[in-house]
Asks: 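I'd like to ask you about the structure that follows.
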Amino acid sequence: MTWKDQYEKWINFSALEEEWKEALIEKKDNEVELEDCFYKDLEFGTGGMRGEIGPGPNRMNTYTIRRAAEGLARFIEKAGTEAKERGVAIAFDSRHKSREFALESALTLGKHGIKSYLFHELRPTPELSFAVRHLNAYAGIVITASHNPPEYNGFKVYGEDGGQLPPGPADELVRYVNEIEDELQIEVAEELDLKGSRLLQVISDDIDSAYNEKLQSIIVQKDIIEQFGDKVKVVFTPLHGAANIPVRRVLESSGFSQVIVVPEQELPDPNFSTVKSPNPEEHAAFELAIEHGKKLDADVLIATDPDGDRVGVAVKNREGDYVVLTGNQTGALMLDYILSQKQAQQILPANGVVLKTIVTSEIGRAVADEYNLKTVDTLTGFKFIGEKIKQYEQSGEHSFLFGYEESYGYLIGDFVRDKDAVQACLLAAELAAYYKSRDMNLYDGLIEVFEKYGYYQEGLESLTLKGKAGIEQINQILTSFRETPPNDLDGNKIVTIEDYKSSKSKNALTGVESTIELPPSNVLKYILEDGSWFCIRPSGTEPKIKFYFGVNKETLEESQKSLEQLKQAVMGLVHELI
């Protein structure tokens with residue numbers, strides 16, 4: 001069936017909701033956009049799906065949501081009656097259509113006799129992960145597009161452990177979704193009928209209380225907060241998202257009384273009107289927080305993304321200017337603090353493990369090595385960290401201590417199985433109290449960590465390449481680097497090439513190969529003779545290809561200069577290809 005056939009099917013569907021019919025009529029003279037809406041099904045991957053809101057099978061709308069939920073329903077049905085009775089916890093963020101898509105998911109599941117627990121208001125993604133575990137649900141759904149632009153939304157699936165589905169079950173779910181040929185014909189139940197039969201239950205505030213109580217368990221030094229918590233000035237912005245109330249609640253209940261929320265960004269806003277991008281990785285997202293921080297002489301600024309799983313931290317440098325720390329820098333501070341203080345308290349387990357992704361800074365490994373602890377790398381995506389936690393929990397081989405990724409995702413307590421910005425906000429505030437007790441701030445602490453472990457610096461460059469032509473360009477870049485990799489960059493030889501798609505690591509000088517013990521993934525990583533590295537991977541959720549860089553030198557100036565040289569060399573090769 002051609003895209004035009006698909007378009008005709010939709011426009012002539014008598015029961016098509018008026019909203020989507022009007023959207024199609026608006027686009028009737030824009031053939032390029034119509035083709036993009038209809039030329040394929042919106043891809044449902046191992047973590048779910050994400051895309052622009054609009055009509056057609058390649059957009060987020062009522063019918064593609066039903067398709068995703070129908071696939072999940074069939075997946076659960078295969079697991080049996082108990083799985084249906086345990087049901088699915090469902091949460092949503094502040095985006096356009098999030099509430100409606102959450103309810104639509106429940107109505108689709110209910111048609112199959114599957115129970116749903118639906119949050120009555122927006123909640124952060126990590127609280128959904130907690131709710132799955134707390135309710136003993138069989139699965140979870142979050143309607144979110146994380147930090148994507150306002151026109152996006154998404155559908156994320158969680159397993160019974162509260163983590164995103166690992167590759168095996170995820171692949172099975174994808175098959176069920178892909179077997180559904182006509183999203184327009186999926187039947188759903190009536191909301192009132194489901195509530196009457198208790199197949200649709202609204203989640204009460206009891207979950208909020210239980211989650212907040214568990215959050216207290218991640219505090220490393222209660223006495224530090226008791227002594228300095230009321231002296232720490234925190235500026236917090238939820239960037240119009242779901243983390244506002246949970247973060248304020250946990251900070252207040254833990255002893256931080258001087259928490260100021262950025263008023264312009266406090267309330268939910270699906271357009272994220274005050275920022276170009278609602279992403280704490282983007283330094284511009286901190287502009288208002290910095291303004292308020294300067295007025296109050298704040299000790300730390302924290303910002304969470306719309307679904308509350310990522311957090312960024314900003315602090316004054318030695319010139320008195322607020323600077324946004326990278327995800328790697330914040331992770332290094334958190335990790336060194338947790339390990340050093342647990343060791344001081346003699347509660348650091350000998351079999352402790354630190355989990356990080358392959359594109360996360362090597363400083364994490366250096367910190368763990370200092371305490372004779374193992375560091376395990378996973379593929380990019382926090383679901384792989386969650387999978388490892390479950391594995392070690394079952395085997396007893398390791399005790400989980402900390403998991404993080406460079407893209408501002410951290411997990412301290414494993415009562416959640418995804419990155420948790422609410423946990424991270426609490427730990428960031430505790431870090432501020434700890435360094436205040438030493439007449440320092442987080443920037444001073446970062447320099448102290450660098451002096452101890454080395455001046456690691458990392459960077460990220462992204463290219464957004466939309467549409468069908470963009471996908472072809474992304475594939476062209478990957479193919480070129482895979483088939484004809486560079487031998488060196490400005491005289492710095494490449495010594496190791498890791499191809500995660502073929503699961504092979506190759507010594508570029510000798511040709512000797514070894515196996516990478518991770519699931520296959522379309523990622524390339526190159527390690528140079530001075531220990532610096534770069535990595536290339538397409539985004540699984542956006543029309544982007546990402547380039548990661550890492551260096552380690554003896555001084556901050558040397559590492560910053562080396563990082564810029566590495567970036568320029570790699571991106572110069574990339575721009576020759578497009």
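Keep in mind that this is a model prediction, so the values were computed, not measured.
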Asks: Is Arg417 salt-bridged to Glu393, cutoff N-O under 4.0 Å?
Replies: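 Yes, this pair counts.
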
Asks: How long is the span from the CD atom in Glu564 to the OG atom in Ser559, to the nearest 0.5 Å?
Replies: 10.5 Å

Asks: Would you compute the distance between atom CG of Asn153 and atom OG of Ser146 and round it to the nearest 0.5 angstrom?
Replies: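 One finds 11.0 Å between CG of Asn153 and OG of Ser146.
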
Asks: Determine, stepwise, if the pair Phe415 / Gln423 fulfils side-chain contact (heavy atoms from CB on, under 4.5 Å).
Replies: CA-CA 11 Å; Phe415 52 88; Gln423 290 189 28; 3.4 Å; yes

Asks: Looking at Glu461 and Lys567, is any side-chain nitrogen of the basic one under 4.0 Å from a carboxylate oxygen of the acidic one?
Replies: yes

Asks: Anything under 3.5 Å between a donor and an acceptor, one on a side chain of residues 244-254, the other on a protein residue two or more places apart or in another chain? List them.
Replies:
residue : atom : partner : partner atom : Å
Asn244  : OD1  : Arg248  : NH1          : 3.3
Asn244  : ND2  : Glu266  : O            : 3.4
Arg248  : NH1  : Glu266  : OE2          : 2.6
Ser253  : OG   : Asn212  : ND2          : 3.2
Ser253  : OG   : Gln216  : NE2          : 3.2
Ser253  : OG   : Arg249  : O            : 2.9
Ser253  : OG   : Val250  : O            : 3.3
Ser254  : OG   : Gln216  : OE1          : 3.1
Ser254  : OG   : Gln216  : NE2          : 3.4
Ser254  : OG   : Val250  : O            : 2.6

Asks: Do Phe534 and Tyr548 have ring centroids that are under 6.0 Å from one another?
Replies: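 For Tyr548 and Phe534, the ring centres are not under 6.0 Å apart.
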
Asks: Taking NZ, NE, NH1 and NH2 as the nitrogens, is one of them in Asp93 or Arg95 under 4.0 Å from a carboxylate oxygen of the other?
Replies: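 Yes, Asp93 and Arg95 are salt-bridged.
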
Asks: Is there a side-chain contact between Phe549 and Leu460 in this structure, where contact means two heavy atoms from C-beta onward sitting under 4.5 Å apart?
Replies: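 The answer is no, as the side chains (C-beta and beyond) never meet within the 4.5 Å cut-off.
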
Asks: Evaluate the side-chain proximity of Glu498 to Ser505: yes if any heavy-atom separation is below 4.5 Å, no if none is.
Replies: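 Yes, close enough: below the 4.5 Å cut-off.
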
Asks: Do the side chains of Asp299 and Lys436 get close enough for a salt bridge, i.e. N-O under 4.0 angstrom?
Replies: yes

Asks: So that I can tick it off, tell me whether Lys383 and Asp418 are bridged by a salt bridge, with the cut-off set at under 4.0 angstrom between side-chain N and carboxylate O.
Replies: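 Answer for the salt bridge query: no.
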
Asks: Can the ring centroids of Phe382 and Phe384 be said to lie less than 6.0 angstrom from one another?
Replies: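 Aromatic pair excluded; centres sit 6.0 Å or further apart.
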
Asks: Closer than 4.0 angstrom, basic N to acidic O: yes or no for Glu282 and Lys276?
Replies: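 Salt bridge: no.
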
Asks: Would you call Asp161 and Arg133 a salt bridge, taking side-chain N to carboxylate O under 4.0 Å as the test?
Replies: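 Judged by the 4.0 Å cut-off on N to carboxylate O distance, Asp161 and Arg133 do not form a salt bridge.
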
Asks: Can you check whether Val232 reaches Ile225 side chain to side chain, under 4.5 Å on heavy atoms?
Replies: no

Asks: Within 45 degrees of the ring normal and closer than 6.0 Å to the centroid, is that where the cationic atom of Lys214 sits relative to Tyr211?
Replies: no

Asks: Does Glu370, at its CD atom, have more than 12 non-hydrogen atoms belonging to other residues, nucleotides or ligands within less than 6.0 Å?
Replies: yes

Asks: Strictly below 4.0 Å, N to O, side chains only: are Glu362 and Arg365 in salt-bridge contact?
Replies: yes

Asks: Look at Asp208 together with Arg123 and state whether they make a salt bridge at an N to O cut-off of under 4.0 Å.
Replies: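 Answer for the salt bridge query: yes.
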
Asks: Do the side chains of Lys419 and Glu405 get close enough for a salt bridge, i.e. N-O under 4.0 angstrom?
Replies: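 A salt bridge links Lys419 with Glu405.
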
Asks: Answer yes or no: is there a side-chain heavy-atom contact under 4.5 Å between His134 and Ile207?
Replies: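 Yes; the side chains approach each other to less than 4.5 Å.
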
Asks: How about Arg482 and Asp499: do any of their side-chain heavy atoms sit closer than 4.5 Å?
Replies: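 Arg482 vs Asp499: side chains touch.
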
Asks: For Asp444, is there an ion pair with Arg318 - N to carboxylate O distance below 4.0 angstrom?
Replies: yes

Asks: Find the distance between OG1 (Thr274) and CG (Asp269) and round it off to the nearest 0.5 Å.
Replies: 7.5 Å

